[in-house]
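First comes the structure, then the notes that go with it.
Chain naming here is simple, since letters A, B, ... match the order of the sequence lines and numbering starts at 1 in each.
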2 protein chains.
Amino acid sequence: MIDKLEFLLALAREKHFGRAAEACGVTQPTLSAGVKHLEEQMGVLLVKRGSRFQGFTPEGERVLEWARRIVGDSRAMREDISALRHGLSGRLRIAAIPTALAMVAAITTPYRDRHPNVQFTVYSRTSLEILDLLENLEIDAGITYIGNEPIGRVSIVPLYQEHYRLVTSADAPLGDRDSVTWAEVSQVPLCLLTPDMQNRRIINRLLKSAGGESRPTLESDSMILLFSHVRTGRWASVMPEKIAQTLGLSEPIRAIPILQPDAVQTIGLVVPQREPMTPTTAALVAEARRIAPSL
Amino acid sequence: MIDKLEFLLALAREKHFGRAAEACGVTQPTLSAGVKHLEEQMGVLLVKRGSRFQGFTPEGERVLEWARRIVGDSRAMREDISALRHGLSGRLRIAAIPTALAMVAAITTPYRDRHPNVQFTVYSRTSLEILDLLENLEIDAGITYIGNEPIGRVSIVPLYQEHYRLVTSADAPLGDRDSVTWAEVSQVPLCLLTPDMQNRRIINRLLKSAGGESRPTLESDSMILLFSHVRTGRWASVMPEKIAQTLGLSEPIRAIPILQPDAVQTIGLVVPQREPMTPTTAALVAEARRIAPSL
DNA sequence: TTCTTTGATAGACAAAGACTATTAATTCTA
DNA sequence: TAGAATTAATAGTCTTTGTCTATCAAAGAA
């Protein structure tokens, strides 16, 4: 029963019988049979069938919601019992927005000291992808913007405020200032994240409301790439204060506060709303609460 | 998997492999094998084994909690989907404390008008039994005292306040009064519920704090029995106002308010805390909210 | 049209689940 | 304390379910 619900979840993820089957480690006919069996049990078609996958029926969507919960709980149960016996262990899958990646170590480090047998997998994803992965039980926790775009069935722990800095060489335009305005920043060619990233959209908005445009000379979905360009001293970027601090800037690179307005975004930990949480997730939330004040 | 969790729930209820198996509609070896299989999956003993059932291990208790949730959700899913197709149908299992039995009709009647395909089973149980049945998924809703003894994972809808009346014949002692005190009531021989009922414990407490004792000449666990005695005019009882009203008293029987204090107990609907609820339960909660003001 | 993609179907085989019968270990009872 | 009764585990058999490979049919794409 639960296996079949997992089939359905995989199908929702992959939107393709063959790939969903592969993801579940079974063959395509097996997955087809599983879904069909579910449909018989429920007495309704769950999947819109043409000669290819065409999405779910309304009933299918509903079953999917239940499946997420039931499958999630059954995994949580296993982890819970395993934790009772061996202490916390297993793998914690986290996804973070690129601008928050640098501070993930601030959580994982004290976590590992407390629970050395837990392994981590950390993905760099956009804020929308993170919510999707959470929804589909593909990650255990996300680190993303909170309080902006509406968020579904998740619990939230605020971590820190993102303040923006113009990161540039001291001898570049504006490089000698103690603070700059968004209007001024809009005149400088920048390295920025790609527009599918919420950070970029936020910066675009700030630049625009200051009467400017974003004129990126270089876009990337990788903060490392942006950062390495900035370190040459020949490129400028707008980055959150935290990441600039964490990665460490040396002369002649400066991180100059951008005021008017001192725009603020809150970054937080989001985990599936489940009571009780899995033990590893609960420990992550505890750790987040613990370190949040120091960030 | 879910079937095996159901085995475990049955075992928790029956505390006996044979009876649990019977309750599940399988033979005892099948249930034993199922439990064993669960234990292998989890890698821990769940049941304390002697030559007979000796309760659960700590891990077993934990699995049991998860099992209640997972099994409950999987049933809710089926009902949910069935309701999508055929409208509300199925059976709603309710348990109520005896003193609330008379007002159950105030909910079931409008409920049936709205959802004619839902069938009811109503049990008369003590308040403690009701919580136990709810916990074990044996009923869908309870009607009981709220805000007294602590209640577990349930949602609550307050229904009405229980005020007490001395029910007695006009020519019996105190029968001519407009109101009486608990101290006075404690002097009269009464028909009361048995002491395992919370209503009786409440009345005992009230009598005691008025300096009296409860001196029941007749005890029963059946309100009908108490009521039929009172109707003869030769017996007196202490009953909630509501039940006296609902069942209808005729001359010369009177229901006299008991003051000092005008003790109040709140009665409410309790349902398992599950989001979303099963459709039939959600409808019951809606109905309860609707009628509560008129009670 | 012809080829490719995608999901359903058929048939064989293995695994899991369930039943009956029996056994082993306690506990009760006479 | 011996014998009976109770309770759960085990053995052996059979049925059901699940999974695989191979193949087919339908619908797009070239």
Side-chain angles (χ1 to χ4, degrees), chain A residues 1-61 63-64 67 70-71 74-75 77-78, chain B residues 1-61 63-64 67 70-71 74-75 77-78:
Chain A
M1 183 77 225
I2 290 183
D3 313 334
K4 317 238 174 102
L5 293 177
E6 301 227 27
F7 289 175
L8 209 68
L9 290 183
L11 188 55
R13 273 204 305 278
E14 308 286 347
K15 305 184 198 319
H16 185 285
F17 279 72
R19 284 196 294 278
E22 191 182 358
C24 293
V26 298
T27 60
Q28 171 264 315
T30 299
L31 188 129
S32 286
V35 172
K36 189 177 211 176
H37 185 233
L38 267 185
E39 293 183 319
E40 279 160 12
Q41 285 239 324
M42 299 288 162
V44 212
L45 281 185
L46 302 177
V47 176
K48 285 194 225 151
R49 310 302 225 302
S51 71
R52 59 189 57 209
F53 178 80
Q54 307 215 324
F56 294 89
T57 64
E59 292 86 355
E61 295 284 357
V63 171
L64 215 49
I70 294 171
V71 169
S74 94
R75 290 189 195 163
M77 172 174 68
R78 284 185 226 296
Chain B
M1 181 77 223
I2 291 183
D3 312 333
K4 316 240 174 103
L5 292 177
E6 301 227 27
F7 289 176
L8 209 67
L9 290 184
L11 189 55
R13 275 203 303 279
E14 308 287 347
K15 306 185 196 320
H16 184 284
F17 278 73
R19 284 195 294 277
E22 191 182 359
C24 294
V26 298
T27 58
Q28 170 264 315
T30 299
L31 189 130
S32 285
V35 172
K36 190 178 209 174
H37 185 233
L38 268 185
E39 294 183 319
E40 279 160 13
Q41 285 240 323
M42 299 290 161
V44 212
L45 281 186
L46 302 177
V47 176
K48 284 193 225 152
R49 307 305 221 308
S51 71
R52 57 191 58 210
F53 178 82
Q54 308 217 327
F56 294 89
T57 63
E59 292 87 355
E61 294 285 357
V63 171
L64 215 48
I70 293 171
V71 168
S74 94
R75 290 188 194 164
M77 173 175 67
R78 284 186 225 298

Which of C:dT9, C:dA8, D:dA8 is nearest the side chain of A:Lys36? It is C:dT9

What is the distance from CG of B:Leu46 to P of D:dA8, rounded to the nearest Å?
-> 16 Å

At their closest point, which heavy atom of A:Glu6 faces which heavy atom of A:Cys24, and how far apart are they?
-> O-SG, 4.1 Å

Mind listing the N/O atom pairs, protein and nucleotides 26-29 of chain D, below 3.5 Å?
unit_1: D:dA27; atom_1: O4'; unit_2: A:Ser51; atom_2: OG; d: 3.1

Does A:Glu39 reach the main-chain N or O of A:Val47 with its side chain, forming a donor-acceptor pair under 3.5 Å?
-> yes

Rounded to whole Å, CG of B:Leu38 lies from P of C:dA16 at a distance of 15 Å

Applying ring pair (Phe, Tyr, Trp, His ring centres under 6.0 Å) to A:Phe17 and not counting sequence neighbours gives none

B:Phe53 atom CZ is separated from D:dA8 atom P, nearest whole Å, by 9 Å

If you count the non-hydrogen atoms of other residues, nucleotides and ligands that lie under 6.0 Å from CD in A:Gln28, is the total more than 12?
-> yes

Any donor-acceptor pair under 3.5 Å from A:Lys15 side chain to A:Ala12 backbone = yes

Flag yes if more than 12 heavy atoms outside A:Gln41 fall under 6.0 Å of its CD atom; otherwise flag no.
-> yes

Please test B:Leu46 against B:Leu64 for side-chain contact (heavy atoms from CB on, under 4.5 Å), starting from the C-alpha separation and ending with a verdict.
-> CA-CA 9 Å; B:Leu46 302 177; B:Leu64 215 48; over 6 Å; no

Roughly how many Å is it from CG in B:Leu31 to C1' in C:dC19, rounded to a whole number?
-> 14 Å

B:Lys48 NZ - C:dA25 P separation (whole Å) = 22 Å

Rounded distance (Å) that lies between atom P of C:dA18 and atom CD of B:Glu22 | 16 Å

Straight-line distance of A:Arg13 CZ to A:Leu8 CG, nearest 0.5 Å = 11.0 Å

Can you check the B:Leu5 CG to C:dG17 P distance for me, whole Å?
-> 12 Å

For the pair made of CZ in B:Arg19 and P in D:dT7, what is the distance, rounded to whole Å?
-> 7 Å

Show me the protein contacts with nucleotides 11-20 of chain D, counting only N or O atoms at under 3.5 Å.
unit_1: D:dG18; atom_1: OP1; unit_2: A:Lys4; atom_2: NZ; d: 3.0
unit_1: D:dG18; atom_1: OP2; unit_2: A:Lys4; atom_2: NZ; d: 3.4
unit_1: D:dC20; atom_1: OP2; unit_2: A:Thr27; atom_2: N; d: 2.8
unit_1: D:dC20; atom_1: OP2; unit_2: A:Thr27; atom_2: OG1; d: 2.8
unit_1: D:dC20; atom_1: OP2; unit_2: A:Thr30; atom_2: OG1; d: 2.6

How close do B:Thr57 and B:Leu45 get, heavy atom to heavy atom, and via which atoms?
-> OG1-O, 2.8 Å

Options C:dT6, C:dA8, D:dA8, nucleotide nearest the side-chain atoms of A:His16 = C:dT6

